[in-house]
Amino acid sequence: MFDFFLDKAGDAGSLWWIPLFLWTGYFFWCRSFDYPADLERHIRKGRSWPYLPMFWRRRKLIRFVSLLLLWGGNIIFACALYSLFPIKHVTLLIIGIALATFGCTKIRSFATKKIIQLQRDRFFQIYTQMQNAAVSKGSEVTDSELLPKTQWQHQNDLRLADKQGRLMAFLKGEAKL
């Protein structure tokens with residue numbers, strides 16, 4: 001049974017080019033659709049600036065496609081690594097999956113880093129504007145008073161842009177400090 005699996009792993013290794021397409025698709029999928037999963041992690045850490053777009057309601061489908069792209073590429077990469085080396089051992093499959101998983105975490109962080117940074121920059125831009133407006137009026141505003149107002153303004157701006165279908169264009173245009 002296990003030898004049959006290893007034979008099939010060697011045969012699948014001839015498809016070494018498929019992970020390149022799957023990982024490219026994974027990059028663009030994470031950048032376009034799956035980035036709210038990273039934003040949810042920031043929310044769980046207590047950050048107040050992440051906005052989850054409306055399409056994230058279909059998160060199970062989005063996460064399923066993401067995992068399919070991730071593990072499809074990882075398993076075929078591990079099989080290719082297994083078939084390349086003259087010494088065929090199960091350890092090569094495990095090393096291949098570990099290397100591919102590490103590479104995919106880097107792909108994901110690279111794909112989502114800019115979107116997360118744009119949301120954070122927009123939040124602090126609003127915070128700075130509100131603070132400067134309060135100082136110019138001559139009133140003292142504490143941080144505990146300013147944060148909820150900033151959060152509401154930030155979420156409202158992004159929600160309106162999301163309803164109009166221009167969330168990313170809004171972030172790219174407005175989050176310049």
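Below, all heavy atoms of this structure are taken into account, side chains as well, without hydrogens, waters or symmetry copies.
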Got a sec: does the CZ of R57 have more than 12 other heavy atoms crowding it under 6.0 Å? no
Run the numbers on I115 and M168 for side-chain contact (heavy atoms from CB on, under 4.5 Å), then give the verdict. CA-CA 8 Å; I115 297 167; M168 293 311 295; 3.6 Å; yes
Taking only distance into account, with no hydrogens and no angle test, what donor-acceptor pairs under 3.5 Å do side-chain atoms of residues 154-161 form with protein atoms, sequence neighbours excluded?
{"from": "H154", "atom 1": "NE2", "to": "W49", "atom 2": "O", "distance (Å)": "2.7"}
{"from": "Q155", "atom 1": "NE2", "to": "P50", "atom 2": "O", "distance (Å)": "2.8"}
{"from": "D157", "atom 1": "OD1", "to": "Q153", "atom 2": "NE2", "distance (Å)": "2.9"}
{"from": "D157", "atom 1": "OD2", "to": "R122", "atom 2": "NH2", "distance (Å)": "3.0"}
{"from": "D157", "atom 1": "OD2", "to": "Q153", "atom 2": "NE2", "distance (Å)": "3.3"}

Using 0.5 Å steps for rounding, measure from the [atom1] atom of [X] to the [atom2] atom of [Y].
{"X": "C30", "Y": "F110", "atom1": "SG", "atom2": "CZ", "result": "12.5 Å"}
{"X": "M130", "Y": "L147", "atom1": "CE", "atom2": "CG", "result": "10.5 Å"}
{"X": "R47", "Y": "I116", "atom1": "CZ", "atom2": "CD1", "result": "11.0 Å"}

Please report the shortest heavy-atom distance between G96 and F77, naming the atom on each side. O-CD2, 3.4 Å
Side-chain heavy atoms of W56 within contact of L39, under 4.5 Å: no
Would you mind reporting whether P36 and Y51 have side-chain heavy atoms less than 4.5 Å apart? no
Spell out, yes or no, whether [X] and [Y] are grouped together once hydrophobic residues are joined by side-chain heavy atoms under 4.5 Å, including indirect joins.
{"X": "L52", "Y": "F33", "result": "yes"}
{"X": "F170", "Y": "W152", "result": "no"}
{"X": "V135", "Y": "L146", "result": "no"}
{"X": "I18", "Y": "F21", "result": "yes"}
{"X": "I107", "Y": "F28", "result": "yes"}

Listing request: all side chain to side chain donor-acceptor pair (under 3.5 Å) pairs with a residue in residues 126-141, at least two apart in sequence or in separate chains. Y127-D143
Hey, could you give me each pair passing side chain to side chain donor-acceptor pair (under 3.5 Å) that has a residue in residues 19-32? Not counting sequence neighbours. W23-N74
Please step through side-chain contact (heavy atoms from CB on, under 4.5 Å) for the pair F123 and Q151, ending with a clear verdict. CA-CA 7 Å; F123 179 82; Q151 184 178 2; 4.2 Å; yes
Can you list the residues that meet the salt bridge (Lys or Arg N to Asp or Glu O under 4.0 Å) rule with R41, with sequence neighbours excluded? D38
Partners meeting salt bridge (Lys or Arg N to Asp or Glu O under 4.0 Å) with R59 (sequence neighbours left out): E40
Could you give me the CA-CA distance, side-chain angles and deciding distance for Q117 and D121, then say whether side-chain contact (heavy atoms from CB on, under 4.5 Å) is met? CA-CA 6 Å; Q117 183 181 10; D121 289 350; 3.7 Å; yes
Determine whether a donor-acceptor pair (N or O, by modelled atom type, separation under 3.5 Å) exists between the side chain of D162 and the backbone of M54. yes
Using the test side chain to side chain contact (heavy atoms under 4.5 Å, CB included), find all partners of S144 that sit at least two apart in sequence or belong to another chain. T142
What donor-acceptor contacts under 3.5 angstrom involve side-chain atoms of residues 62-73, with partners at least two apart or in another chain?
{"from": "R63", "atom 1": "NH1", "to": "D34", "atom 2": "OD1", "distance (Å)": "3.1"}
{"from": "R63", "atom 1": "NH1", "to": "D34", "atom 2": "OD2", "distance (Å)": "2.6"}
{"from": "S66", "atom 1": "OG", "to": "D34", "atom 2": "OD2", "distance (Å)": "2.9"}

